[in-house]
2 protein chains.
Amino acid sequence: MKVLIIEDDPLHRSYLNEAVRAALPECDGVLEAENGNAGERLARDCKSAHVVMDLQMSERNGIEAARTIWKERPETRILFWSNYSDEAYVRGVSRIVPMGAVYGYVLKSASDDRLKLALRSIFIESQCVIDREVRGMQQKSLGNINGFTEAEYEILVDIALGLTDRAIAQRRNLSVRSVQNRLQQLYIKLGVYQPLGGQSDDGRFNLRARAVAVALLRKLLNHSALERAEADLSAWLARQPHN
Amino acid sequence: MKVLIIEDDPLHRSYLNEAVRAALPECDGVLEAENGNAGERLARDCKSAHVVMDLQMSERNGIEAARTIWKERPETRILFWSNYSDEAYVRGVSRIVPMGAVYGYVLKSASDDRLKLALRSIFIESQCVIDREVRGMQQKSLGNINGFTEAEYEILVDIALGLTDRAIAQRRNLSVRSVQNRLQQLYIKLGVYQPLGGQSDDGRFNLRARAVAVALLRKLLNHSALERAEADLSAWLARQPHN
DNA sequence: ATTTTTTCTGCGGGATCCCGCAAGGCCTTG
DNA sequence: CAAGGCCTTGCGGGATCCCGCAGAAAAAAT
């Protein structure tokens, strides 16, 4: 059994290395990669390795890397070890985990023991381990109590990328009016909506831009989510007849 | 001489502690704080301490903390030790450093020796030390070759917060038209402008939203910059006659 | 199968945005 | 002082956005 560590911070990398060796004495090899690209390559070479990785790395972000790793070998077990439990990350991860895959998500702020326990649970016992806090986010986002549906999230991303209503309609196969409906919906859920008569904030805000702002502030969106979305977008644009 | 370390990651904190002790044997006390708030408090208590801190902490971000520390004691020497050289951070820092203050900015990716050297330079030799890469950003942003003027940056922040033209005009004491001029300027610099006849991207983008998107992607803006801006904004809103 | 609920769609209009055009400052340069 | 820049401002108009209204279509519930 081998373990592949993908983490760009050298300190954290060596800490992880140590933790893995301590928690998994039956492990007979620890590989290290300092960014997503290198990680993918190593994962390709060394089939059958388990993976523990950071989200948010400079070269190629963790979610991208995980996606390609899982695409090539869906039964790979991955433990995500991240600083943040931003909704953007949690949603990003749960969006790409293959059916029935074993994975984990623990925060860097967790204790030593917790990390080691997670390592054993996932790699030995085949059991998913998700930190309480992260779990919380998942509930909130999937069960839609105060959370966002897929449709709403999608349109949020679209306006965050700067698309017009028309472009969104085209991309999502909707009428322009439907797009606007979803936007209204989104504005309401984000608490940005201006109830007609209510002149509390006399048109100070551009709803579209404001929605993006609060989404960012609430960490519903973050840089890496935007990067992924931008990549998808330009792929779609390329595929589009040049109008 | 005492040194105050403000850093939320325990690993990095202890690494820093060690580095400080090694680089500054004449130092007779190292304090630690794990977020901005605690850091400010300690700095208040222990006058005359030098500070080395991370930007980007959960509780209260580094720039905020540095600002209040410097406000209370402008001659404090601060070494910023950060993962990123985002323009948003660099600009944020250089915006708050007091006249003639001694400070430094080194990346976490720098070598051991570089860090120790920086510690000695700043705290002993009273000399500013700024990493090459960070320097690069400074040049690019201050000298306006491919960089943004204060006015442009300001308006970028304003639209990122979701303000309308009118609100911006009000806030910055300009006419609406001037605001729009600056916006045009911004769109051009961000490479988002649509040259009239050019129907390459047939109105796919909402310029205002798109500008924010590319600013984020280019790390001209980031979460903490937005947070600061949002705080300023709501302060301003409170101060505003309720129209 | 029928009712209920949700979503999609077109229409219309007011507000906002985007921006060319042109006139008036200020500030530098010759 | 005049000439040329740069920034500001008003005007005007076309494009876009925001959204109430109401009927059609689809999905969910009964």
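All figures in this text were calculated on a predicted structure; none of them were measured in a lab. First the proteins, then the strands, lettered A, B, ... as listed; each starts at 1.
One can place CZ of R172(B) at 14 Å from P of dT9(D), the figure rounded to the nearest angstrom. For the pair E154(A) CD and dT7(C) C1', the computed distance is 15 Å after rounding to whole Å. Between the P atom of dT6(C) and the CD atom of E150(A) lies a distance of 20 Å, rounded to the nearest Å. If you measure from atom CG of L190(B) to atom P of dC18(C), you get 13 Å, rounded to the nearest angstrom. In this structure, Y193(B) atom OH and dC17(C) atom P are separated by 18 Å, rounded to whole Å. Between F205(B) atom CZ and dC17(D) atom C1' the separation is 17 Å, expressed in whole Å. One can place CZ of R210(A) at 14 Å from P of dC18(D), the figure rounded to the nearest angstrom. R204(A) has its CZ atom 14 Å from the P atom of dC17(C), to the nearest Å.
Distances shorter than 4.0 Å separate none of the side-chain N or O atoms of Y187(A) from OP1 or OP2 on dC17(D). Side-chain N/O atoms of S175(A) include one lying less than 4.0 angstrom from OP1 or OP2 on dT9(C). For Q184(B) and dG20(C), the shortest distance from a side-chain N or O to OP1 or OP2 is below 4.0 Å. A close approach under 4.0 Å does not occur between any side-chain nitrogen or oxygen of Q180(B) and OP1 or OP2 of dT9(D). The shortest distance between the side-chain N/O atoms of R182(A) and the OP1/OP2 oxygens of dT7(C) is not below 4.0 Å.
Residues N206(B) and T164(A) come closest through the heavy atom pair N-CG2, 3.4 Å. In terms of heavy atoms, F148(A) sits closest to R91(A) at O-NH2, 3.2 Å.
Using a 4.0 Å cut-off between charged nitrogen and carboxylate oxygen, E72(B) and R44(B) count as a salt-bridge pair. R218(A) and E87(A) are not joined by a salt bridge, as no carboxylate oxygen comes within less than 4.0 angstrom of a charged side-chain nitrogen. Taking 4.0 Å as the cut-off between side-chain N and carboxylate O, E152(A) and K189(A) count as a salt-bridged pair.
Of all nucleotides listed (dG10(D), dC17(C), dT9(C)), dG10(D) comes nearest to the side chain of R177(B). Side-chain proximity of S178(A) to the nucleotides dC18(C), dT16(D), dT9(C) is greatest for dT9(C).
Across the interface with DNA chain D, nearest-nucleotide mapping of N181(A) and T164(A) shows T164(A) to be the residue nearer the 5′ end.
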